[in-house]
Amino acid sequence: MTCLVVNCNHWIGYHIVNGLLEDDWLVEGVIDKEEKDTLSMFFGRNSNFSFCENVEKKVYDTVISVGVPLKEIDHVHTNRSVIIHPTVPENMKEDTILIKAPLLFGEWMPMNENGMYRNHLFIPFDSTYFLTEAVYIEDFVSYLVKWLNDDIADNKKSAIIKLEHSTYTRDNRPIEKKLEQVKEHYHQFKKYTE
C-alpha cells in the first residue's frame, strides 16, 4: 500500500511515517518548509521511503496530512484522504476524513523539563489536563495504522463519522513510564530540537 504523508518532518508526521514503514507501506513525504528538517534524516534512508515534490502525477492509496493540508496537494489522486488536526480545518474537502487529534505526547515533541507545547500553549506534565487527556504517540500511531489497514475504513469517506462508527482510544495504564521515556529521549537529543 502507498501513502503520502504531508508535513512528514513534523514530530507527529515523523511517528506516522515510522509506523507505516514498520508495517511495510511504501511512503512518500512532503516536507513543511516552516518546520525544522532534523527528523527527516532518521527515515530518509529507508528504501520504502522517499521525499516527494511533484505529487500531481501520482496516485496513493492514502494521503495523511498532519495539521492543515498544504494547498499544493489539493489535486492529489487518492482513495482516502485523512487530516489529523485538533479542530476542523477551514475549507476541508467533503470527502476528507478528519481525525481530531487528542493531546499527543512523545519523542521529538516541543517540550522542556516541566511540560510540552501544543500550538504554542504550554501544558505542564503534572497538570490534570495532561494526566487525564494525554495519549502516547506510538499508541496513537499503532491504532491509526491498524485502522488504515482495516477494510471497513475504505467505506468511511465522510468528514463527520457517526458516533456508532467512531472509536475512542484510551490507555488506562498510568503514563508516568512513557513520560519518563520521553524525558530521557529529550535529554539525549535536545541539541537537535533547539
Side-chain angles (χ1 to χ4, degrees), residues 5-23 27 29-44 64-70 82-92 96-148 159-161 163 166-194:
V5 178
V6 180
N7 300 334
C8 66
N9 57 326
H10 184 279
W11 77 273
I12 295 172
Y14 161 80
H15 286 282
I16 291 170
V17 168
N18 278 339
L20 292 168
L21 291 173
E22 287 173 7
D23 200 56
V27 182
V30 176
I31 291 178
D32 179 354
K33 293 178 175 123
E34 294 181 21
E35 290 274 336
K36 292 182 182 178
D37 197 24
T38 309
L39 296 178
S40 61
M41 71 180 173
F42 289 102
F43 50 73
I64 299 174
S65 179
V66 178
V68 179
L70 302 172
V82 178
I83 294 177
I84 298 173
H85 197 272
T87 61
V88 179
E90 289 181 29
N91 302 324
M92 189 173 86
T96 299
I97 298 166
L98 171 65
I99 297 176
K100 288 188 178 180
L103 178 61
L104 297 173
F105 78 100
E107 293 79 6
W108 302 112
M109 69 179 179
M111 65 176 282
N112 64 28
E113 284 288 329
N114 301 314
M116 62 176 282
Y117 295 91
R118 183 182 194 189
N119 298 330
H120 307 292
L121 175 67
F122 183 72
I123 301 166
F125 291 136
D126 61 356
S127 68
T128 303
Y129 179 53
F130 180 83
L131 294 172
T132 58
E133 299 298 322
V135 175
Y136 183 56
I137 186 68
E138 295 296 329
D139 296 336
F140 175 82
V141 169
S142 70
Y143 281 106
L144 175 66
V145 172
K146 182 181 181 321
W147 173 75
L148 289 171
I160 300 173
I161 298 174
L163 187 58
S166 299
T167 302
Y168 180 71
T169 306
R170 190 76 191 125
D171 186 353
N172 292 329
R173 293 172 288 180
I175 62 174
E176 284 79 15
K177 282 189 178 183
K178 292 177 181 174
L179 182 56
E180 287 306 314
Q181 175 184 323
V182 169
K183 285 182 177 181
E184 285 177 31
H185 180 272
Y186 169 74
H187 289 296
Q188 185 176 3
F189 293 100
K190 76 176 175 179
K191 68 180 177 183
Y192 294 109
T193 60
E194 294 175 339

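Numbering starts at 1 and runs along the sequence shown.
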Sub-6.0 Å ring centroid separation between F189 and W108: yes
Side-chain heavy-atom pair V5, V27 within 4.5 angstrom cut-off: yes
Side chains of M109 and R118 in contact at under 4.5 Å (non-hydrogen atoms): no
Which atom of A134 lies closest to which atom of I175, heavy atoms considered: CB-CD1, 4.1 Å
Donor-acceptor contact below 3.5 Å, side chain N114 vs main chain P124: no
Taking every non-hydrogen atom, the tightest pair across N119 and P86: ND2-CG, 4.0 Å
H10 and Y14: CA distance, side-chain angles, deciding distance, ring pair (Phe, Tyr, Trp, His ring centres under 6.0 Å) verdict: CA-CA 6 Å; H10 184 279; Y14 161 80; over 10 Å; no
Where I84 and A101 come nearest, the two heavy atoms and their spacing: CG2-CB, 3.9 Å
Residues D139 and K178 bridged, charged N to O under 4.0 Å: yes
CA sep, side-chain torsions, deciding dist, call: M111, K190, side-chain contact (heavy atoms from CB on, under 4.5 Å): CA-CA 9 Å; M111 65 176 282; K190 76 176 175 179; over 6 Å; no
Side-chain heavy-atom pair I97, I83 within 4.5 angstrom cut-off: no
Student check: side-chain heavy atoms of W11 and I137 closer than 4.5 Å: yes
Close side-chain approach of V66 and V6, heavy atoms under 4.5 Å: no
Reported CG-to-OG distance for the pair L98 and S65, which is rounded to 0.5 angstrom: 10.5 Å
Inter-residue atom distance L144.CG - I12.CD1, 0.5 Å rounding: 11.0 Å
Validation row: V82, W147 side chains within 4.5 angstrom (heavy atoms): yes
Heavy-atom closest pair, residues V30 and N9: O-OD1, 4.5 Å
Set of residues satisfying side-chain hydrogen bond (donor to acceptor under 3.5 Å, both in side chains) with respect to H15, sequence neighbours excluded: E138
Test item: E113 and Y186 side chains (from C-beta on) under 4.5 Å apart, heavy atoms: yes
side-chain contact (heavy atoms from CB on, under 4.5 Å) assessment of V135 paired with F105: CA-CA 6 Å; V135 175; F105 78 100; 5.8 Å; no
Y117 to N112 - nearest heavy-atom pair and separation: OH-ND2, 3.5 Å
Check: L20 and V141 side chains under 4.5 Å, non-hydrogen atoms: no
Working for side-chain contact (heavy atoms from CB on, under 4.5 Å), residues H85 and T87: CA-CA 6 Å; H85 197 272; T87 61; 3.2 Å; yes
Derivation and outcome, side-chain contact (heavy atoms from CB on, under 4.5 Å), residues E107 and Y136: CA-CA 9 Å; E107 293 79 6; Y136 183 56; 2.9 Å; yes
Gap between atom OH of Y129 and atom CG of L121 - 0.5 Å precision: 8.0 Å
Nearest non-hydrogen partners of F140 and P102, listed with the distance: CE1-CD, 3.9 Å
F125 and F130 aromatic ring geometry - parallel, tilted or perpendicular at 30°/60° bounds: perpendicular
Exam field: side chain T132 to backbone T128, donor-acceptor pair closer than 3.5 Å: yes
